[in-house]
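In what follows, a single structure is set out as structure tokens and then discussed.
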Amino acid sequence: MPVGPELISPRSARVSAARRLARRNFRGKERLFLAEGPQAVREAAGHRGDGGETLVELFVTPDAAERYADIVGEARDAGARVHLADEDVIADISTTVTPQGLVGICRFLDTPFEEILKAGPRLVAVLANVRDPGNAGTVLRCADAAGADAVVLTDASVDLYNPKSVRASVGSLFHLPVAVGVPVELAVQGLKDAGVRILAADGAGEDDLDDELDKGTMSGPTAWVFGNEAWGLPEETRALADAVVRVPIHGKAESLNLATAAAVCLYASARAQRARRAGS
């Protein structure tokens with residue numbers, strides 16, 4: 001299925017510009033990022049931000065254009081410029097070992113923190129000093145799956161638009177508001193002022209997640225603060241929270257990794273909040 005008049009040249013200025021988006025400084029300068037693979041491109045094509053349609057450009061191999069003709073059609077309908085590209089061009093732009101034949105260029109879509117607060121969130125994930133892009137994307141995916149209202153990345157956390165973060169979110173980046181670059185103190189205070197209870201997730205926490213559920217303290221608006229993969233949350237961040245909560249380890253495992261602990265905590269809050277709504 002042809003989607004353009006000819007294959008784009010690997011020496012094209014468009015290819016060079018796309019390739020540069022693998023680097024954070026260029027992403028920030030252009031306020032554009034890469035979304036690779038059919039799932040991410042489909043979600044991008046269906047997303048619209050304040051600046052208009054999110055997907056602005058799509059590079060696709062002839063084989064992928066035929067295999068994913070519906071996605072290419074959605075990209076065109078969204079106003080994106082579609083370029084046929086051979087596999088070498090896709091490999092040059094892509095940041096994956098085995099590209100799937102589609103690479104999109106998208107506008108930044110983060111939401112101002114003030115807008116998240118105005119919406120009256122009931123469940124929020126705050127990533128404080130999370131440095132691994134795969135973890136950041138996975139926590140975002142967990143928050144989306146648990147029905148969270150927003151995710152906040154502090155100014156000490158990884159770039160939301162790192163290609164690994166985008167891939168690890170598996171499309172969830174396009175599903176819920178995400179604020180970036182917020183100092184942790186400002187994030188916590190803003191959420192508290194909005195009536196949100198702050199829980200810091202920490203393996204050495206004084207409070208047990210099971211006990212919190214049994215006491216019925218988790219049914220109200222809640223924000224979970226998750227720390228660095230290696231050293232967790234510093235004391236000054238834990239001190240900002242209303243409670244420091246540990247996920248109980250009932251077996252012999254030493255601990256849970258960040259993304260797993262985040263999933264447990266977010267789902268626990270989501271269940272408590274659903275139970276309260278059902279009983280009200």
Could you tell me if [Y] and [X] have a donor-acceptor pair between their side chains, going purely by distance under 3.5 Å?
| X | Y | answer |
| --- | --- | --- |
| Thr61 | Glu87 | no |
| Asn257 | Thr260 | yes |
| Arg167 | Thr95 | yes |
| Thr217 | Glu212 | yes |

Full working for side-chain contact (heavy atoms from CB on, under 4.5 Å) between Cys265 and Val247 = CA-CA 8 Å; Cys265 294; Val247 176; 3.7 Å; yes

If you take all heavy atoms of [X] and [Y], which pair is closest and at what distance?
| X | Y | answer |
| --- | --- | --- |
| Ala223 | Val126 | CB-CG2, 4.5 Å |
| Leu191 | Pro121 | CD2-CG, 4.4 Å |
| Phe174 | Ala40 | CE1-O, 3.7 Å |
| Val82 | Val60 | CG1-CG1, 3.9 Å |

Quick check for you: to the nearest 0.5 Å, what is the distance between [X] atom [atom1] and [Y] atom [atom2]?
| X | Y | atom1 | atom2 | answer |
| --- | --- | --- | --- | --- |
| Phe59 | Ile8 | CZ | CD1 | 5.0 Å |
| Gln273 | Leu123 | CD | CG | 5.0 Å |
| Asn228 | Leu233 | CG | CG | 9.0 Å |
| Arg271 | Met218 | CZ | CE | 11.5 Å |
| Arg31 | Cys106 | CZ | SG | 13.0 Å |
| Leu32 | Lys29 | CG | NZ | 12.0 Å |

ask   = Does Val244 sit in a hydrophobic cluster with other residues, and if so which ones, taking ILVMFWY side chains as linked at heavy-atom separations under 4.5 Å, directly or through other members?
value = none

Do [X] and [Y] make a side-chain contact, defined as non-hydrogen atoms from C-beta onward lying under 4.5 Å apart?
| X | Y | value |
| --- | --- | --- |
| Ser157 | Arg131 | no |
| Leu127 | Val139 | yes |
| Pro163 | Arg27 | yes |
| Leu34 | Val166 | no |
| Leu258 | Phe226 | yes |
| Glu43 | Val170 | no |
| Arg81 | Arg14 | yes |
| Arg122 | Thr222 | no |

Quick check against the 3.5 Å criterion: does [X] have a side-chain atom that pairs as donor or acceptor with the backbone of [Y]?
| X | Y | value |
| --- | --- | --- |
| Glu74 | Gly46 | no |
| Asp242 | Ile198 | yes |
| Glu36 | Gln100 | no |
| Asp110 | Val180 | no |
| Ser165 | Pro133 | yes |
| Tyr267 | Ala145 | yes |

query = Taking NZ, NE, NH1 and NH2 as the nitrogens, is one of them in Asp132 or Lys164 under 4.0 Å from a carboxylate oxygen of the other?
reply = no

task = Indicate yes or no: does Arg238 engage Asp202 in a salt bridge with an N to O separation below 4.0 Å.
result = yes

task = Take Asn162 and Arg24 through the test side-chain contact (heavy atoms from CB on, under 4.5 Å) and record every step on the way to the result.
result = CA-CA 7 Å; Asn162 182 296; Arg24 182 172 187 169; over 6 Å; no

inquiry  = Using side-chain contact (heavy atoms from CB on, under 4.5 Å), reason through Val151 and Val124 one step at a time and then give a plain yes or no.
reply    = CA-CA 6 Å; Val151 173; Val124 180; over 6 Å; no

inquiry  = side-chain contact (heavy atoms from CB on, under 4.5 Å), that's the test. Do Val245 and Asp208 meet it? Break it down for me.
reply    = CA-CA 6 Å; Val245 181; Asp208 183 281; over 6 Å; no

ask   = Only one of Arg48, Arg107, His47 clears side-chain hydrogen bond (donor to acceptor under 3.5 Å, both in side chains) with Glu53; which?
value = Arg48

request  = Could you tell me whether Arg141 atom CZ has more than 12 heavy atoms of other residues or ligands within 6.0 Å of it?
outcome  = no

ask   = Just wondering, are more than 12 heavy atoms of other shown residues or ligands nearer than 6.0 Å to NZ in Lys215?
value = yes

query = Under 30°, 30 to 60°, or over 60°: which ring-plane class applies to Phe108 and Tyr161, parallel, tilted or perpendicular?
reply = parallel

